[in-house]
Structures are given as C-alpha cells and as structure tokens.
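As structure tokens, the structure follows; a few thoughts come after it.
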Amino acid sequence: MKIKNIFRRFVALICALMLCCVAANAQSSGDKLYNQGLALQKTMTKSAQNQAIAKFQSAKKLYDSAAKKKQCDDAIAVSRNIIAGLGKSGGSSTGGGYTGGGNRNQKPQKETVVTPTVEVSNKVFHLGQEAGQMDISVTTNQNDWSVAAVADKNGASFVHVSKLDNNKFRISVPYNESASPRTQYVQVSAATAKAQVEVSQAGRDIELTSNKNSLEFGKKSKTSKIEIQCNSDARYSDNFNVNWEVAECPSWITVVAELPKEKGGILKIVTDKIDEGKSKLTGEQGRSDMVKSNAKVTCDALPGGVSNRKGEIVLQSGYKQCRIIVIQHQ
C-alpha cells in the first residue's frame, strides 16, 4: 500500500511539472509575439500597424493573466489610434479592416475618435486709441492651427495678426484716428475646433464746445445764435447731419441747427491735425478735425404771472456733452 501511494504522488508531481513547463512556454511565446508587435508599431504605416495588432491579438490568446491581456488591449488601442491619425494626415495605407490573427468573424473594435480642441490664453483684448499689441498662446491637440482677423460686414479690418511659432500669435492694432470706438474678432482654427479673441479699441477723445456757456433773454420771445465746434465723426440725420444733437432742453426753448446753405453748407473745418500723435504701427499722422456749425436758440415769451425762469440745454455727440444755461426774466 505504501509503495502505491508513493507512486501516485510521484506521478502527480511529474504532471504538475509538465503543466508548469507548458504554461511557461506559452508565456514565453506570448512575450515574443508581444515584443514583435512593439517593433512593428514603430513603423508609421497602416500596414505595419495592422501587423502589430495581429501580433498583440495572438499574444493575448497565449497569456493567462488579466494584466498581460490588458497590456495587449492597450497596445492594440495605440495602433488603432495611429491608423486613425495616418488616415487624417494622408499617411501610407495598406490592407483593409482585417488585421490578421484571431477569428475572421470577430467584430472589429471601435476606434477611438479624437475630438479636435483649441484654447487661447486671452479671449478679450481691450485698449485705448493708441496703437498696441498682445501675444496670445494657443493650446490644441492638433498638429497645426491657423489664425486670421474676421473682417466686418463691409470687408474692413483694423486688426493685424501674425503667427509667431506653433504655440503663439500676435495681435497688433494701429492708432484709432476715429472718434468712434471699434470692435473686431480674431479667430483661431484647428481642424474643426475654433476659438475667438474679441479686440476692442476706444476712439480718440471727442471735443464739443459752444462759444456761449449761457444765454439771457427778456420776457418776449427771441432767437439767439450760438456757434458749436465738435470733432466727432457722428452725423445726426434728424439734425441736418451735423455732428451733434440736442440731448436735453426745456419745453420753452427750441434749438435748431441752421439749414445748409447752397454752397459749402454750414459745416466748416476750422482746425486740422489737432492730434499730433503718430501711429506706432504705421507711422501715419493722426487727424482730428474740428468742425464748426451754427444753431438757433429760440426762447418762448415769458408766461403771465412768471417773473423769471431758468433752464439748461444739453448738447451731445457720442459720449461727450456740452451744457448751456438759459435765463429768462422780466
């Protein structure tokens, strides 16, 4: 009996050793196939990547550990991403959907799609009327990107853009010769991803003055003339296209711009090149023309029982205002 038991234990030991040898051999063969796949993966062609996938799939079948199988799955995913990238960049293409190895009826794994993204370091650029510039960094998962100023509806553009390197571009804005503020957009594109930078610039300072700060009337209705000077680019169609308007006025006072004359009109440029500053970008001379126009101020007759009254006329052009005090008395 003892001899039989010893013999049985010996046979069991021999079988265990044989199984270990088989497993070790399978593991060694799996590692060999996996390493061959890694070597093929270094060649950036679809054919080489498909061959690498076949090696990884064969190695996965030989591995018995979950960690080794996952290692193969990860390597397969890398090769599929490389193939997807080669398809977008026009790389070499060989072979179809079957990658070799495994069951031909097996459904191919879904490829990972990389969604293009692009970000900019600054989304808003505000500056005064002087020329200025700003460097903006770009972050994207694409190999290349482009940048361009978006023209307005009339096709005009005051913004200049230049690409500095693969990670940065520069926005340059010249001196704003106009009294009007302006806004434009710069667009960065990386494949289908887009990002915008809003560029806004203040206009030059507006001057609006009257030759009279106050007017005095008696009790009867009377008209007085004032001279107004303004360098705004604005034109008010409901006020004979002069560059100012009446913002506030008492009900007993009427302010009307003079009707245009047949020759030359009522507008006259009285000064030129008030602003001697030059654009830092173009070196061009800034211009700020002061325009003179006339207005008639009519005061109604003083009502009975009222000995005096006081009011204020507010003229306006853009953000600038000019105030004229009006006094009427017996």
Side-chain angles (χ1 to χ4, degrees), residues 118-140 142 144-190 193-209 228-237 239 241-245 265 267-293 315-322:
V118 61
E119 296 288 340
V120 290
S121 57
N122 298 81
K123 293 185 177 181
V124 179
F125 180 25
H126 292 314
L127 70 162
Q129 74 176 106
E130 296 297 328
Q133 63 182 31
M134 173 183 276
D135 293 347
I136 296 180
S137 300
V138 177
T139 303
T140 179
Q142 300 299 296
D144 196 19
W145 53 273
S146 61
V147 59
V150 181
D152 63 19
K153 60 182 180 181
N154 298 318
S157 173
F158 69 90
V159 173
H160 303 264
V161 293
S162 55
K163 197 171 180 180
L164 300 179
D165 52 41
N166 201 39
N167 300 307
K168 190 177 294 184
F169 69 93
R170 176 169 294 167
I171 296 176
S172 301
V173 179
Y175 175 87
N176 186 3
E177 298 179 8
S178 169
S180 302
R182 53 190 181 180
T183 300
Q184 196 174 339
Y185 293 89
V186 171
Q187 183 167 280
V188 180
S189 303
K194 300 184 187 302
Q196 280 194 333
V197 180
E198 178 184 305
V199 182
S200 62
Q201 184 179 28
R204 56 176 165 76
D205 291 338
I206 296 175
E207 294 183 45
L208 175 63
T209 60
I228 301 164
Q229 295 190 29
C230 182
N231 66 347
S232 172
D233 298 325
R235 291 292 182 269
Y236 296 93
S237 59
N239 198 28
N241 277 333
V242 294
N243 56 359
W244 54 269
E245 65 177 346
L267 302 182
K268 181 182 179 183
I269 296 175
V270 294
T271 55
D272 189 16
K273 298 181 180 178
I274 291 175
D275 192 335
E276 295 296 334
K278 291 185 177 180
S279 164
K280 295 178 182 178
L281 187 67
T282 65
E284 295 177 356
Q285 179 68 55
R287 294 176 61 90
S288 178
D289 295 334
M290 187 69 74
V291 178
K292 180 174 69 176
S293 59
L315 306 181
Q316 182 169 304
S317 183
Y319 63 84
K320 193 72 171 184
Q321 290 186 336
C322 172

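Because only heavy atoms are used, hydrogens play no part in the values below, and waters and symmetry mates are left out as well, while side chains stay in.
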Return the minimal non-hydrogen interatomic distance between [X] and [Y], and the atom names on each side.
X: F158; Y: V199; value: CZ-O, 4.1 Å
X: A202; Y: N176; value: O-ND2, 3.1 Å
X: W244; Y: S317; value: CA-CB, 4.2 Å
X: A156; Y: Q184; value: O-NE2, 4.3 Å
X: A234; Y: S232; value: N-OG, 3.0 Å
X: M290; Y: N231; value: SD-N, 3.6 Å

Measure the spacing between [atom1] of [X] and [atom2] of [Y] and express it to the nearest 0.5 Å.
X: K320; Y: L208; atom1: NZ; atom2: CG; value: 8.0 Å
X: S293; Y: Q229; atom1: OG; atom2: CD; value: 9.0 Å
X: W145; Y: N167; atom1: CH2; atom2: CG; value: 7.5 Å
X: S189; Y: Q187; atom1: OG; atom2: CD; value: 4.5 Å
X: S237; Y: E245; atom1: OG; atom2: CD; value: 10.0 Å
X: I206; Y: C322; atom1: CD1; atom2: SG; value: 13.0 Å

Less than 4.5 Å apart, any side-chain heavy atom of V118 and any of T139?
-> no
Do V186 and F125 have side chains that get closer than 4.5 Å, going by heavy atoms?
-> no
Assess the side chains of R204 and Q129: does a donor N or O sit below 3.5 Å from an acceptor N or O?
->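 Side-chain D/A pair, R204 to Q129: absent.
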Could you list the residues that satisfy salt bridge (Lys or Arg N to Asp or Glu O under 4.0 Å) with D144, not counting sequence neighbours?
->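 D144 satisfies salt bridge (Lys or Arg N to Asp or Glu O under 4.0 Å) with K163 once adjacent residues are dropped.
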D152: what forms a salt bridge (Lys or Arg N to Asp or Glu O under 4.0 Å) with it, not counting sequence neighbours?
-> none
Can you tell me which residue pairs pass the salt bridge (Lys or Arg N to Asp or Glu O under 4.0 Å) test with a partner in residues 164-174, sequence neighbours excluded?
->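 Qualifying pairs: D135-R170.
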Does any N or O in the side chain of [X] come within less than 3.5 Å of the main-chain N or O of [Y], such that one atom is a donor and the other an acceptor?
X: N243; Y: C230; result: yes
X: Q196; Y: K123; result: no
X: N241; Y: R235; result: no
X: Q201; Y: E130; result: yes
X: N122; Y: I136; result: no

